[in-house]
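First the proteins, then the strands, lettered A, B, ... as listed; each starts at 1.
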Amino acid sequence: MTDTPSEKSERRSLNFIHAFVEEDLREGKNEGRIHTRFPPEPNGYLHIGHAKAIHIDFGTAEKYGGMCNLRFDDTNPVKEEVEYIDSIREDIHWLGYDWEGREFYASDYFGKLYDFAVDLIKRGLAYVDDQPSEVIASQKGTTSVPGLESPFRNRTVDENLDLFQRMNKGEFAEGTRVLRAKIDMAAPNMHMRDPVIYRIINRPHHRTGTAWKVYPMYDFAHGQSDYFEGITHSLCTLEFEVHRPLYDWFIDKLMTDKYRPRQIEFNRLNLTYTVMSKRKLLQMVNDRVVNGWDDPRMPTLSGLRRRGYTPGSIKNFINSIGYTKVEALNDYSLLEFAVREDLNKTAPRVMAVLDPLKVIITNYPEGKTEELQTVNNPEDESMGSRTIPFSRELYIERSDFMEDPPKKFFRLGPDREVRLKSAYIIKCEDFEKDAEGNVTELHCTYDPETKSGGANAGRKVKGTLHWVSTEHAVEAEIRLYDRLFTDPEPDGHKEREFMEFINPDSLNVIRGFVEPGLTSAKTLDHFQFQRLGYFNLDPDSKPENLVFNRTVALRDTWSNK
RNA sequence: UGACCCGUGGUGUAAUUGGCAACACAUCUGAUUUUGGUUCAGAAGAGUCCAGGUUCGAGCCCUGGCGGGUCAACCA
């Protein structure tokens, strides 16, 4: 069989997970079925790390004509809340995936799991341990010293059965008894040293209420849930690698036919300048470091969405970093590149001034307003054009003028010429300063012959500035978001708390001026404010108080050297 | 000092059966441009953790080191 070049390059780009999947397919495993699942615990909002999992879970199913379930891993009523379930559903949909009604809960299987536990007891493979957790922990041994067997390890089947049933009836207090799998206290893998599989919890569960007093542990619930749902490939992150022997052990005891799920682990997403642990994100929400899970500085999907990141850009980013078994730290600039690349094609170019400096065109008639034509996107004619008002008084960006400009500064300075985007070439004749020496006002003249698009517009000047007409511009609140953390690895310091690395300037709220017409923009529509970056209208923005969030800044490559 | 996993430019990935180490980001030039954006062209940057071995040929196979990660929750 010969491959076409495209087939070759397709196989070339296969990640190791898909290589495993194809191998299983070739070997005819599970009758050629591909079925994955995305299994979040509903104890927080989804973040960009989950996007990596979502893309491989749903993406693999999509690629091989299989299915992907959504399964809420809700085995611990102490930590989980209904509130999170809705946000998780919404975020998956936002990324462009659908579980087609196959929404399951680990708690759906509490009955089956209980029966399986009873079965293990009957087969002499599980026992009730009456010891407190500290004693069980101390008997576990260490990574280099074998563990000790519990004195309750060899109870009779009848006694175990009786005790386990009474555990579930609420006869015993939390922490007084657990059910353990009987495997091997001397196993080199700690997870095989008689792991706890059921514990008593006296708190109502968000779905099953008070029906159960005992709840299965992750290891006892996850693989079995996979099995019950017919999952063929259970994709998870690297830290579960050492759990795999236990996963397989339970499946061995449960298997009734040839079908068997397979766990494959990949590297989790780590981003520079970003904290991804749900525990820490929750702490930032609780400590009011940020204004909630969807604060635009948060790495949550809802935060990124509000900030203006598009689903497509996140998908491209995830694809570009790939899936391997190497613990990687991905550069934040790669994400920003993906956003700019995506937005560049779709975002109309509009004018805004963030830090205004007044300019008076001295030879322009007072009271006159011109409607100038400007294209929405110079690279995409189909996006059309619009008109913007020009008048005698304008704002330009304060940083676009230098009293004493260095050699390679192409913007405005005394006696310098510059083009106003879509308008005229102007020349700075004079400027005023206040008592502190700050420049307060520029007096310029314009050259009527150089009107943009006109017959004589061809004269070249080095710089082009964005501007707005003071009379027509709309004042808006503009939120400039920067990195929340100052250190590339706020999470990676053993001695120092990640909170010590919080950037006090991560949010700057300013009043700027935008060209008229943006007030009717739809929420989340993107704009490129010339040279300032990509912005979007905040979902909470009101017509009387426009709020724009900066999605990502453009790189201003001019440096004062 | 146990078990398992992993070491490829600064970062992240690729390299078919063992066959010239490739791509993207980042960095630096230059060109075009009514955005110092975009686009285009180019440069620099690793000889694949180390040492042996097998082979005509090793990033890939074997052996031994070294380095990093995960695991000893009644969390997931």
[N] phosphate, OP1 or OP2, under 4.0 Å from [X] side-chain N/O:
X	N	result
A:Arg555	B:U27	yes
A:Arg531	B:G36	yes
A:Arg340	B:A26	yes

query: Quick one: what's the B/S/- string for nucleotides 71-76 of chain B, heavy-atom cutoff under 4.0 Å, read 5' to 3'?
result: BBSBBB
statement: Heavy-atom contacts, protein to nucleotides 40-47 of chain B, under 4.0 Å, summarised as B (base), S (sugar-phosphate only) or - (none) per nt, yield --------
message: Under 4.0 Å, counting only non-hydrogen atoms across every strand here, what does A:Asn43 touch: a base, just sugar-phosphate, or nothing?
response: nothing
Ring pair (Phe, Tyr, Trp, His ring centres under 6.0 Å) against A:His18, all qualifying residues, sequence neighbours excluded: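 With sequence neighbours excluded, A:His18 shows a ring pair (Phe, Tyr, Trp, His ring centres under 6.0 Å) to A:Tyr64, given in chain and number order.
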query: Hey, can you pull the residues of residues 317-339 of chain A with a non-hydrogen atom under 4.0 angstrom from RNA chain B?
result: A:Ile321, A:Thr324, A:Lys325, A:Val326, A:Glu327, A:Ala328, A:Leu329, A:Asn330, A:Asp331, A:Ser333, A:Leu334, A:Phe337
- line: So, with a heavy-atom separation below 4.0 Å from RNA chain B, the residues of residues 344-357 of chain A are A:Asn344, A:Arg349
query: What about A:Phe527 and A:Tyr534, are their ring centers closer than 6.0 Å?
result: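 Ring centres of A:Tyr534 and A:Phe527 not closer than 6.0 Å.
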- prompt: A:Phe164 and A:Tyr198: aromatic ring centres closer than 6.0 Å?
  reply: yes
Taking the same atom, [atom1], in [N] and in [M], what whole-Å distance lies between them?
N	M	atom1	result
B:A58	B:C23	C1'	22 Å
B:A44	B:G36	P	29 Å
B:G53	B:A46	P	27 Å
B:C28	B:G18	C1'	37 Å
B:G67	B:C50	C1'	10 Å
B:U48	B:G52	P	12 Å

field: Dot-bracket encoding per residue of RNA chain B, Watson-Crick/G-U cut-off under 3.5 Å, | denoting interstrand
entry: .((((((..((((.....[..)))).(((((.......))))).....(((((..]....))))))))))).....
query: When only distance counts, do a donor and an acceptor, one from the side chain of A:Arg411 and one from the base of B:G36, lie under 3.5 Å apart?
result: yes
